[in-house]
Engineer: 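Once you've had a glance at the structure underneath, I'll fire off some questions.
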Amino acid sequence: TVTVEALNAAGETVGTGLQKAAINGGLNEIKLATCTGTAKVHLGYYPTDGANATTKIRMEFTYPTAMADAPEPVELNPADAVQWSMEMPAGKIQVHATAINAAGHVVGEKTTDVEVECDISPIDVCFGWVKLQAGKTTPNMTKVQVTSDSEQAAGPFIFAPGGSAQVCGLKVGQIVNFTAVGLDSNGNPISTASQSVTVGCGENTADLDLTNYGI
């Protein structure tokens with residue numbers, strides 16, 4: 001991978017380039033040039049249910065050095081995102097994607113390092129969330145209450161045994177620690193459980209075992 005950065009007399013970046021070069025035996029000549037590439041979104045999983053349904057996807061582009069013509073952030077609805085493409089200076093960039101619901105709340109985030117070549121370059125965008133459920137509970141349990149150590153989604157998330165709750169607002173690659181408490185009909189705790197989840201793209205299931213008894 002060959003990257004090129006063109007500077008003016010003030011030391012400002014005025015052009016970049018990135019190209020792949022196959023090195024063969026003997027002398028290899030590589031023509032250095034600045035260029036633009038076409039970034040195209042490959043949209044994967046994103047929340048689609050209820051209040052967490054994604055209505056807008058925001059993408060921000062960060063280059064290693066400041067650039068006068070760096071692309072501005074873009075906001076797209078999911079239907080338009082799969083058709084979206086944009087010309088931008090070629091180079092190694094960081095793309096931060098955020099999924100937002102109708103109320104303006106963040107329901108997912110992902111940061112990706114991307115190489116934009118002097119051609120069409122894909123940007124993989126996807127988001128992850130956690131489905132909380134309690135597959136094992138005690139007979140006298142009427143409610144499950146779950147909290148997390150994530151600032152974006154601390155909870156509490158409450159559901160009945162046999163039900164579930166969806167946790168959104170998480171970052172892909174983030175490790176989230178969940179703590180669950182099983183409650184009886186009077187709101188008294190009767191069992192606890194904890195589980196850690198590394199958020200991947202799409203739905204991540206945390207099936208909590210609340211069959212342990214406490215006195």
Engineer: What's the separation between atom CG in L210 and atom CG in L208, rounded to the nearest 0.5 Å?
Structural biologist: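 It comes to 6.0 Å.
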Engineer: Consider only side-chain heavy atoms of I, L, V, M, F, W and Y, link residues closer than 4.5 Å, and tell whether L170 and V172 are in one cluster.
Structural biologist: no
Engineer: Identify the heavy atoms of K92 and P64 that sit nearest to each other, and give their distance.
Structural biologist: O-CD, 3.1 Å
Engineer: Applying the 4.5 Å side-chain criterion to the ILVMFWY set and letting contacts propagate, would I57 and I100 be lumped into a single cluster?
Structural biologist: no
Engineer: Transitively linked via ILVMFWY side-chain contacts under 4.5 Å: L18 with I123?
Structural biologist: no
Engineer: Considering all heavy atoms of both residues, which atom of V116 and which atom of I93 are nearest to each other, and what is their separation?
Structural biologist: CG2-CD1, 3.8 Å
Engineer: Which side chain to side chain donor-acceptor pair (under 3.5 Å) pairs, counting each pair once, include a residue from residues 168-182, with sequence neighbours left out?
Structural biologist: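 Side chain to side chain donor-acceptor pair (under 3.5 Å) check on residues 168-182 returns D149-N177, S150-Q174, N177-S196.
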Engineer: Please tell me if the side chains of V107 and T54 come closer than 4.5 Å, counting only heavy atoms from C-beta onward.
Structural biologist: yes
Engineer: Same cluster or not: V106 versus Y46, using hydrophobic residues (I, L, V, M, F, W, Y) connected whenever any side-chain heavy atoms lie under 4.5 Å apart?
Structural biologist: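 No, because V106 and Y46 fall into different hydrophobic clusters, even though each may have its own neighbours under 4.5 Å.
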Engineer: Do other residues, nucleotides or ligands put more than 12 heavy atoms under 6.0 Å from the CD1 atom of I175?
Structural biologist: no
Engineer: Just to verify, what does N52 make a side chain to side chain donor-acceptor pair (under 3.5 Å) with, not counting sequence neighbours?
Structural biologist: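 So N52 forms a side chain to side chain donor-acceptor pair (under 3.5 Å) with Q166.
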Engineer: Are P89 and T16 close enough that some pair of their side-chain heavy atoms sits under 4.5 Å apart?
Structural biologist: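 A side-chain contact exists here, since the closest heavy-atom pair is under 4.5 Å.
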Engineer: What's in the same ILVMFWY side-chain cluster as W129, cut-off under 4.5 Å, chained through other members?
Structural biologist: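 For the cluster that includes W129, the remaining residues are Y45.
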Engineer: For S148 and V176, which heavy atoms make the closest approach, and how far apart are they?
Structural biologist: CB-CG1, 3.8 Å
Engineer: Look only at the side chain of N188 and the backbone of D184, and say whether a donor-acceptor pair between them is shorter than 3.5 Å.
Structural biologist: no
Engineer: Is there a path from V114 to W84 through hydrophobic residues (I, L, V, M, F, W, Y) whose side chains come within less than 4.5 Å of each other?
Structural biologist: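 Yes, V114 and W84 fall within the same hydrophobic cluster.
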Engineer: What donor-acceptor contacts under 3.5 angstrom involve side-chain atoms of residues 29-42, with partners at least two apart or in another chain?
Structural biologist:
| unit_1 | atom_1 | unit_2 | atom_2 | d |
| --- | --- | --- | --- | --- |
| T36 | OG1 | E87 | OE1 | 3.0 |
| T38 | OG1 | E87 | OE2 | 2.4 |

Engineer: Measure across G173 and T198 and return the closest heavy-atom pair with its distance rounded to 0.1 Å.
Structural biologist: O-CG2, 4.2 Å
Engineer: Please list, chain by chain and in numerical order, all residues satisfying salt bridge (Lys or Arg N to Asp or Glu O under 4.0 Å) with K56, sequence neighbours excluded.
Structural biologist: E75
Engineer: Just jot down the side chain to side chain donor-acceptor pair (under 3.5 Å) partners of N77, sequence neighbours excluded, or say none.
Structural biologist: D80
Engineer: Is any side-chain heavy atom of I190 closer than 4.5 Å to one of T138?
Structural biologist: yes
Engineer: Considering non-hydrogen atoms only, spot the tightest contact between A206 and V130 and give its length.
Structural biologist: CB-CG1, 4.1 Å
Engineer: Under the salt bridge (Lys or Arg N to Asp or Glu O under 4.0 Å) rule, what pairs show up with a residue in residues 116-137, not counting sequence neighbours?
Structural biologist: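 Those involving residues 116-137 do not exist here.
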Engineer: What salt bridge (Lys or Arg N to Asp or Glu O under 4.0 Å) pairs are there with at least one residue in residues 5-26, not counting sequence neighbours?
Structural biologist: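 Listed once each, the pairs are K20-E115.
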Engineer: Please tell me if the side chains of S164 and F157 come closer than 4.5 Å, counting only heavy atoms from C-beta onward.
Structural biologist: no
Engineer: Do M88 and F61 have side chains that get closer than 4.5 Å, going by heavy atoms?
Structural biologist: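 Contact flag for M88/F61 side chains = yes.
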Engineer: Below 4.5 Å, heavy atoms only, C-beta onward: do P73 and M59 meet side chain to side chain?
Structural biologist: no
Engineer: Flag the pair F178 / S194 as yes when at least one side-chain heavy-atom distance between them is below 4.5 Å, and no otherwise.
Structural biologist: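 Side chain of F178 against side chain of S194, heavy atoms only: no contact under 4.5 Å found.
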Engineer: Determine which pairs satisfy disulfide bond (SG atoms under 2.5 Å apart) with at least one residue from residues 139-204, sequence neighbours left out, and list them in order.
Structural biologist: C126-C201
Engineer: So, using side chain to side chain donor-acceptor pair (under 3.5 Å) as the criterion, who are the partners of Q195 when residues are at least two apart?
Structural biologist: none
Engineer: Could you measure the distance from the CD atom of E203 to the OG1 atom of T48? Nearest 0.5 Å is fine.
Structural biologist: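 So the gap between those two atoms works out to 9.5 Å.
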Engineer: How would you list, by chain and number, every residue that makes a side-chain contact (heavy atoms from CB on, under 4.5 Å) with H96, sequence neighbours excluded?
Structural biologist: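 Partners of H96 by the side-chain contact (heavy atoms from CB on, under 4.5 Å) criterion, ordered by chain and then number, come out as E60, T98, E109, T111.
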Engineer: Considering all heavy atoms of both residues, which atom of F127 and which atom of P47 are nearest to each other, and what is their separation?
Structural biologist: CB-CD, 4.2 Å
Engineer: Assess, by modelled atom type and distance only, whether the side chains of T205 and D207 contain a donor and an acceptor separated by less than 3.5 Å.
Structural biologist: no
Engineer: With clusters built from Ile, Leu, Val, Met, Phe, Trp and Tyr whose side-chain heavy atoms come within less than 4.5 Å, directly or transitively, what are the remaining members of the cluster of V181, listed by chain and number?
Structural biologist: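 V181 clusters with L183.
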